[in-house]
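Note that these values count all heavy atoms, side chains included, but never hydrogens, waters or copies made by symmetry. Reminder, nothing fancy here: chain letters follow the sequence lines and each chain counts from 1.
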Amino acid sequence: MARLKLKEHLINRDWCKGCNICVHFCPKHVLELDSEEKVVAVRPEDCICCRLCELRCPDLAIEVITEQSDHDATSTSEDAVNTSEQDD
Amino acid sequence: MAIKDYIRQRYFPQMWCPGCGHGTILNALLRAVDELGLDKNSIVMTSGIGCSARISGYVDFHSLHTLHGRALAFATGVKLSKPELKLLVPMGDGDALAIGGNHFIHAARRNIDITAIIMNNRIYGMTGGQYSPLSGPGKKASTAPYTTIDNQFDVVNLSIAAGASFVARSTTYHVLECVDILKRAIQHKGFSVVEILSQCPTHYGRKNKEGDAVQMLEFQKKTTAKLGSKALENDPTLIPRGVFVDIDAPEYCEEYDKIMKRAMKETLQKEPLKNFGNQANQTCDMA
Amino acid sequence: MTDNIKTDENVIKTNNIKFVQGNEACVEGALYAGINFFAGYPITPSTEIAELLSKRLPEKGGKFIQMEDEIASMCAIIGASLTGHKVMTATSGPGFSLKQEALGYACMAEIPCVVVDVQRGGPSTGNPTHVSQGDIYQARWGTHGDHAIIALTASNHQDVFEITVDAFNLAETYRTPVILLFDEVIGHMREKLVIPEQGKLPIVDRLRTSVKKGVDYHPYLPREDGRLPMSDFGGEHRYNVTGLFHDMWGFPSNNPKVVRELLHHLIDKIDNNAHAITRYKEHYLEGAEYVLISYGSSARSAIHLAKNRRERGEKVGVLELQSIWPFPEALVREKCANAKAVIVVEMNMGQVMKEVKACVDNPSKVFLANRIDNKLITPTNIKTLLRMIQGRGV
Ligand SMILES: Cc1ncc(C[n+]2csc(CCOP(=O)(O)OP(=O)(O)O)c2C)c(N)n1
Ligand code: SF4
Ligand code: SF4
Ligand code: SF4
């Protein structure tokens, strides 16, 4: 499977409620909350495109845009499984 | 399709508190629907009343936001009257198993093709943190200032006993597993139950000193383990996750179809009798 | 008898004549109106309706389901109505109480459906096998919150049939639940029923939106004539249905203007059409000095008495109400205007009498002839009161 390359983190600042879930569980510490309690990608170069931030966000406020188009919908979560940091 | 194509964007940001697990369940559910490639016109989401129940307003499916506890009864009417529709029924723990407990076991017993998703935050979120039938003993709630003494249901065992043909459990921390299980549940023919442990940081977290959403997710990670895992074997006090039951069993609407076929055949056979035989005589004799 | 069965035509005619219980007349009416979904829970004296439909519906490709209780039954028919079906449930007092919350939902979400209440003694379990007319107010105010409702009734099986067809028609026309208030005597008594040919009675079918796919459909935006075209679940238009106050898309709203307008709409669509909804019959009413107002099985005794009195030259007539809610105020006021006395004949403590008193010019001339002891009120019971009012003693 080809490695996905990050294009950008698409963050919807109107929807983000600053709950910190994506920040805390990012395996590579890519994300932080800014002074307005909205998420920002501070170390995008470290992002491994696991999409866990996108999947866990309760507010659908963050989207990980990658270079390779993922029109094949099923690749979304399966890619993430392969790189996930989940327990057991 | 993009996830945003499955929601009614004009109603966002959604009304849930920051870090509420219900949003993550919405997220996972949309991904499951997307990955299955379902037609939005073929899905009816029916919900009851509660924070959880508000989920139906946000999805771009046919949506039916009903009464506290009654979502499955409404869904049964929708499904039986139009079996080609996919029924998704997300419910709060109080919604599904306190006031709606009877509808829940009966929908399971019928094995009607509906996917019930129990958004279990172990508390009544919407009304301000009263204990629920899934809180369990020793918990604090606004109606249990001295801690609860009520035992909780085990949703998995209850569903199996009641006759559900697909039963699974996951958490809002294990979101990939969630998507995967939801996909299987939606595809399953029959009554499927997915219990998803969710977090209510506002009431449950605060009252029970479980901290904020992040800490509650850490707690889900620590206190649960996959079925068949070493972790579960070593520590049976962990809550098991995964698919517990996935069997083929006669589905209600399909069985009713057979009844209709029989009824139609029998009337066809009787019709000539009715017109020329005793029955007509009888009717007018009595009249 | 056998002479009748000579030609096919005659056969068909005799097949259309039945000797049935009122509950069966109701079933025949529902089938005639096009019912294709019923959900219910057994309760005397309504059970025959469920039993008969469990047989008849699948024969014509319709669905019957016995739910776990009356609440679930009410919810299930609402769900089935939303997929585009004509739906009904049937119950009696205790079950009618259980249905109230979901009945309010049907009012709020504007779901066409028919709810039959075959009244029995109450409160509580009361008496399952005996008659009462005690649910008049529950039909009106059983569910919480301000709302309008349509409730119809009938006193003989031909009328039960026709009023049932009517109930389905009104439910579709006004997008509302319609209650059929029968009673134990009507439900269980047997008499003749002639089923009209299809097409003889008008049938109102579901009004569906003509809005095309891709164009914004507003499920809760009334047309100029006040009607709201529907779109079936599973169709091209995906919208929200809720019991919360909602906007024209069906999405929850707290906007005071939206809330006020919604409540006005829900009430006005019925109250402003009270004249069109009013159903009644007159018996010997021409020039009546004594007007008996009655409905359901008690009207049979009232009519019997009026006939009997007329034969003796007394000017006694009956205004038989077939619609109870919205209460036909204008009709009652008009028909009672010249009466020396008005006697409301019913089997409760005066539920309809209170409405009559509220709308006639002189409430002090309104009297109650009632029975609340499980027994059908008799012509003699009414006559006793009539003679007293006439100043003739008993
Ligand atoms: C018949 C009825 N009883 C009580 C309520 C009040 N009520 C609304 S939501 C709710 C409980 C919500 O808890 P739960 O179902 O667990 O969902 P959550 O809000 O936690 O997601 C209650 C008791 C109601 N709306 N209707
Ligand atoms: S998880 Fe979502 S809402 Fe929470 S901080 Fe991250 S982007 Fe914002
Ligand atoms: S995709 Fe994964 S690595 Fe990248 S920011 Fe999100 S959670 Fe962190
Ligand atoms: S009260 Fe609890 S359940 Fe309700 S939205 Fe807030 S966090 Fe979620």
Asker: Centroid-to-centroid, Tyr220(C) to His246(C), below 6.0 Å?
Answerer: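 Centroid distance Tyr220(C)-His246(C): below 6.0 Å, so yes.
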
Asker: Please rank Leu244(C), Leu82(C), Asn36(C) by heavy-atom pairs under 4.5 Å with chain B and give me the top one.
Answerer: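 Most heavy-atom pairs under 4.5 Å with chain B: Leu244(C).
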
Asker: So, the side chain of Lys86(C) versus the backbone of Ala33(C): is there a donor-acceptor pair under 3.5 Å, distance only?
Answerer: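 Checked: pair present.
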
Asker: Just give me the residue among Lys86(B), Glu84(B), Arg8(B) that pairs up with chain C most often, heavy atom to heavy atom, under 4.5 Å.
Answerer: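 That would be Arg8(B).
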
Asker: Taking Asp232(C), Ile71(C), Val87(C) one by one, which has the highest count of heavy-atom pairs under 4.5 Å against chain B?
Answerer: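 When all of Asp232(C), Ile71(C), Val87(C) are compared, Ile71(C) has the most.
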
Asker: Heavy-atom cut-off 4.5 Å, strictly under: side chain, backbone, both or neither for Thr66(B) against chain C?
Answerer: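 Thr66(B) touches chain C through backbone and side-chain heavy atoms alike.
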
Asker: If you count heavy-atom pairs under 4.5 Å with chain B, which of Asn240(C), Thr83(C), Ile78(C) comes out on top?
Answerer: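 Most heavy-atom pairs under 4.5 Å with chain B: Asn240(C).
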
Asker: Once the angle between the rings of Trp16(B) and Tyr58(B) is folded into 0 to 90°, is it parallel (under 30°), tilted (30 to 60°) or perpendicular (over 60°)?
Answerer: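 Judged by the thresholds at 30° and 60°, the geometry between Trp16(B) and Tyr58(B) is perpendicular.
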
Asker: Quick check for you: among Phe233(C), Phe64(C), Phe37(C), which has the greatest number of heavy-atom pairs under 4.5 Å with chain B?
Answerer: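 Most heavy-atom pairs under 4.5 Å with chain B: Phe233(C).
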
Asker: Can you confirm whether Asn254(C) is buried at CG, in the sense that more than 12 heavy atoms of other residues, nucleotides or ligands lie under 6.0 Å from that atom?
Answerer: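 Not more than 12 within 6.0 Å, no.
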
Asker: May I ask you to name which of Ile49(B), Leu80(B), Val59(B) has the most heavy-atom pairs under 4.5 Å with chain C?
Answerer: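 Of the options given, most contacts go to Leu80(B).
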
Asker: So which part of Leu85(B) gets closer than 4.5 Å to some heavy atom of chain C, the side chain, the backbone, both or neither?
Answerer: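 It is the side chain, since no backbone atom gets that close.
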
Asker: At a heavy-atom separation under 4.5 Å, does Ala102(C) approach chain B through its side chain, its backbone, both, or neither?
Answerer: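 Looking at Ala102(C), backbone and side chain both touch chain B.
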
Asker: Check each atom of Arg54(B) against the heavy atoms of chain C and say whether the ones under 4.5 Å are side chain, backbone, both or neither.
Answerer: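 Just its side chain gets close to chain C.
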
Asker: Below 4.5 Å from any heavy atom of chain C, which atoms of Lys40(B) appear? Answer side chain, backbone, both or neither.
Answerer: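 Backbone plus side chain of Lys40(B), per the 4.5 Å heavy-atom cut-off to chain C.
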
Asker: Is the shortest heavy-atom distance from the side chain of Ile17(C) to the side chain of Leu193(C) under 4.5 Å?
Answerer: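 Ile17(C) does not reach Leu193(C) side chain to side chain.
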
Asker: Does either side chain, that of Ser231(C) or that of His237(C), offer a donor lying less than 3.5 Å from an acceptor on the other one?
Answerer: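 Result is no, nothing qualifies.
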
Asker: Arg110(B) versus chain C, heavy atoms under 4.5 Å apart: side chain, backbone, both or neither?
Answerer: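 Contact with chain C involves the side chain of Arg110(B) alone.
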
